[in-house]
Amino acid sequence: MHAHVILAAGQGTRMRSRLPKVLHPLLGKPMLLYAVETALALKPERLVVVVGHGGEAVAEALKGHPVEVAWQKEQLGTAHALLQAEGLLRGFPGPFLVTQGDTPLLSPKTLEALLQRVREGAGMALLTVELPDPTGYGRILREGEEVLGNVEEKDAPPEVRAIREVNAGAYAFDGLLFQALKEVRNENAAREYYLPDLVAIYRAHGKKVVAVRGVAEEALGVNTREELARVEGVLLGRLRAEWMGKGVRMVLPETIYLEPSVELAPDVTLWPGAVLKGRTRIGEGCEVGPYAVLEDTVLEPGARVLAHTVAQGAHLHPGASAGPFARLRPGAVLMEEVHVGNFVEVKNSLLHKGVKAGHLAYLGDAEVGEGANIGAGVITANYDGKRKHKTEIGKRAFIGSNSVLVAPVRVGERALVGAGSVITQDVPEGALAVARGRQKNLEGYALRKLGEEEG
């Protein structure tokens, strides 16, 4: 049994953003939620998130997660922030885990190691890492595993500055925590209350303070846009490696963006620049072409999305293909063997087996029957300025190029629509519909006109 407190009240001024720092997205998910999910993996009895700057937005992002929110009204340092959780945790005996909302790479295994040291009798355990360049971090002084002090860089003599082991900002504490927090003083340039001061306070109470050495990558914090990109790169690298290990082929994997919510099957091929977001699911043997963007889209086994296609909320069944340069909007359903070609846009439409729409068409709020052919430049005019209307196209119908089907309208099975027609009435099964001005040729007109201009 333990309680976990995540400190997420900082302003993050170096991000240069109106968005609270802990809400900046990493692979489509707010940074803070990585810390929350890591905490929940250890099954804490209580989980408290301390919010401050932009707290309303942060609290909103936490809805749906089993957390309690404490407020730090004034930004007076990390120790002050942690003290704000006392009201929610009063009477809880400990131990307590404390992490930061801006260190999203920490693993449950690492935090469990901190907890274990307190359960074994230490009063306080802190995570440390060794950095090639520790500039800007407080240095750890210790004998064996016992921590003697945490020296801020500005206060450190040269021999201490040479130490490369630093405080990573994750802690475990015993039940003395909130009493000890009230002993922290703000005798520093910023007039703030800092958590590392608890090292000396715990030792003054005769408590053992121990260091648990971690992996530097896990302790990466986010204070700038550059650091955000670096952490996102680590997360992406892990995801790519995981999926390649499960049989996904990535051509130039360093160029591929995908989110943790995406699901991939073996023998999927992802070409350079592919972007996979949201609840996208890609089945066995599918191919996603260069610079295609898929969001909340399902590709059944054997479906293909070619280069520069954008699909959002679409569903492609086995053997269906889209692109290059296709646009599939929410509700676009391509059944088996459907082909949607370049510069075709489909929205809220069901295309039955074998439909072909090769190029330059718009199909919105439509149902297109099996085997129908949609010519270049065809438009379903589905919107009258106030409402959307449906177009129905029957099996094996042929819609000639540059036709407009003004909904609501139905084209029957095996019907033909002549090129350039504007169809405003239903077309019966097997009929030919032609709705355009009759062609008239004026013999010699062009030659006479040319002669007049030259004269």
Side-chain angles (χ1 to χ4, degrees), residues 1-10 35-36 38-40 42-52 66-103 106 108 110-128 138 140 142 145-150 152 167-188 192-212 214 219:
M1 184 177 76
H2 72 280
H4 192 136
V5 181
I6 300 173
L7 305 181
V36 169
T38 297
L40 292 174
L42 294 176
K43 297 182 169 52
E45 189 79 10
R46 307 281 296 278
L47 175 55
V48 177
V49 178
V50 180
V51 305
V67 307
E68 300 170 82
V69 174
W71 289 79
Q72 185 187 27
K73 301 295 185 183
E74 296 179 86
Q75 311 293 292
L76 297 177
T78 49
H80 178 263
L82 180 54
L83 192 56
Q84 308 316 298
E86 183 185 23
L88 293 173
L89 296 176
R90 187 170 283 112
F92 192 89
F96 301 92
L97 265 177
V98 178
T99 57
Q100 316 294 324
D102 61 0
T103 52
L106 283 174
T110 297
L111 298 183
E112 180 62 45
L114 287 173
L115 266 182
Q116 188 59 32
R117 296 316 317 276
V118 171
R119 287 173 177 147
E120 291 169 355
M124 174 180 177
L126 66 155
L127 182 66
T128 68
I140 296 298
R142 63 162 158 165
E145 69 167 8
E146 189 165 355
V147 177
L148 304 180
N150 181 96
E152 294 303 319
N167 181 354
Y171 307 87
F173 299 96
D174 67 7
L176 181 68
L177 174 62
F178 289 108
Q179 178 186 336
L181 281 170
K182 292 167 185 172
E183 298 178 28
V184 175
R185 297 290 173 258
N186 64 343
E187 295 164 0
N188 52 66
E192 292 187 354
Y193 301 87
Y194 295 131
L195 275 179
D197 291 353
L198 289 174
V199 172
I201 292 169
Y202 262 81
R203 286 175 58 80
H205 280 271
K207 298 274 189 172
K208 187 176 182 182
V209 179
V210 300
V212 174

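Since the model is a prediction, treat every value here as computed from it, not as a measurement.
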request  = Identify the two heavy atoms, one from A3 and one from L89, that lie closest to each other, and give their separation to 0.1 Å.
outcome  = CB-CD2, 4.1 Å

key: Test item: T128 and V212 side chains (from C-beta on) under 4.5 Å apart, heavy atoms   = no

remark   = Closest non-hydrogen atoms of P93 and M1, given as atom of the first, atom of the second and distance, are CG-CE, 3.9 Å

key: Neighbour count above 12 (heavy atom, 6.0 Å) for E120 CD   = yes

key: Criterion side-chain hydrogen bond (donor to acceptor under 3.5 Å, both in side chains) on H80 and Q72, from CA distance to verdict   = CA-CA 8 Å; H80 178 263; Q72 185 187 27; 2.9 Å; yes

message = As an exercise, state the distance from CG of L181 to CD1 of I201, rounded to the nearest 0.5 Å.
response = 8.0 Å

inquiry  = Less than 4.5 Å apart, side chain to side chain, heavy atoms only: is that true for Q84 and W71?
reply    = no

message = Show the nearest heavy-atom pair for residues P95 and V118, with the distance to one decimal.
response = CB-CG1, 3.8 Å

ask   = What do the steps show when you test T38 against T99 for side-chain contact (heavy atoms from CB on, under 4.5 Å), and what is the final call?
value = CA-CA 10 Å; T38 297; T99 57; over 6 Å; no

message = Can you list everything that forms a side-chain contact (heavy atoms from CB on, under 4.5 Å) with L47? Sequence neighbours excluded, please.
response = H4, I6, V36, A39, L40, P44, V67

message = If I take atom NE2 from residue H2 and atom CG from residue L114, how far apart are they, to the nearest 0.5 angstrom?
response = 11.0 Å

task = Indicate yes or no: at least one non-hydrogen side-chain atom of V50 is less than 4.5 angstrom from one of L82.
result = no

query = What orientation do F178 and F96 show, parallel under 30°, tilted 30 to 60°, or perpendicular over 60°?
reply = perpendicular

request  = Measure the spacing between CG of N150 and CG of N167 and express it to the nearest 0.5 Å.
outcome  = 5.0 Å

task = Taking all non-hydrogen atoms of both residues into account, name the closest pair between P108 and L42 and its distance.
result = O-CD2, 3.7 Å

note = Of all heavy-atom pairs linking L97 and A172, the shortest is CD2-CB, 4.1 Å

query = Can you name the closest pair of heavy atoms from A35 and G101 and give their distance?
reply = CB-CA, 4.4 Å

message = If you define the side chain from C-beta out and look only at heavy atoms, does anything of V199 sit under 4.5 Å from I140?
response = no

R117 side, atom CZ; E112 side, atom CD - distance, nearest 0.5 Å = 12.5 Å

Distance (rounded to the nearest 0.5 Å) between E86 CD and Q179 CD = 10.5 Å

Full working for side-chain contact (heavy atoms from CB on, under 4.5 Å) between T78 and Y193 = CA-CA 6 Å; T78 49; Y193 301 87; over 6 Å; no

query = Do any N or O atoms from the side chain of R46 and from the backbone of V5 form a donor-acceptor pair under 3.5 angstrom?
reply = no

ask   = Would Y194 and N186 count as a side-chain hydrogen bond (donor to acceptor under 3.5 Å, both in side chains) if you check the C-alpha gap in whole Å, the side-chain angles of each, and the deciding distance to 0.1 Å?
value = CA-CA 8 Å; Y194 295 131; N186 64 343; over 6 Å; no

key: Nearest-0.5 Å distance, CG of residue L126 to CZ of residue F173   = 8.0 Å

request  = Would you please name every residue forming a side-chain contact (heavy atoms from CB on, under 4.5 Å) with E146, sequence neighbours left out?
outcome  = R203, K208

query = So L106 and L111, side-chain contact (heavy atoms from CB on, under 4.5 Å) or not? Walk me through it.
reply = CA-CA 8 Å; L106 283 174; L111 298 183; 4.2 Å; yes

ask   = Would you call R185-D197 a salt bridge at under 4.0 Å N-O?
value = no

ask   = What's the verdict on side-chain contact (heavy atoms from CB on, under 4.5 Å) for Y202 and L176, showing C-alpha distance, side-chain angles and the deciding distance?
value = CA-CA 8 Å; Y202 262 81; L176 181 68; 3.7 Å; yes

